[in-house]
Amino acid sequence: MENIDPQHTESGEAPKPIEKDYESHKEDPGPAKPAVTEKDENGAGQALKWVLPIAVIIGLIIWFIMRK
């Protein structure tokens, strides 16, 4: 089992609010506004929605050919 850094475990607490005054929370800042509000219009999900089914179909075709 690998060592897990205790800072990166989920505590079940509410997420920190968006950071507005970085200087006063420098030791433990919250997320920046763009990290929370930025839209993910061209993310990897759009590509994977098409790539994964095609890869599965090609894999099945190759598997059926190689099986015989």
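On a predicted model such as this, the values are computed, not experimentally measured, just so you know. Each residue takes its place number in the sequence, starting with 1.
- Rounding to the nearest 0.5 Å gives a distance of 14.5 Å between CD1 of I62 and CZ of R67.
- Evaluation of the side chain to side chain donor-acceptor pair (under 3.5 Å) rule for T37 yields no partner, not counting sequence neighbours.
- Put simply, I65 and I57 are part of the same group of oily side chains (I, L, V, M, F, W, Y) that touch within less than 4.5 Å, one to the next.
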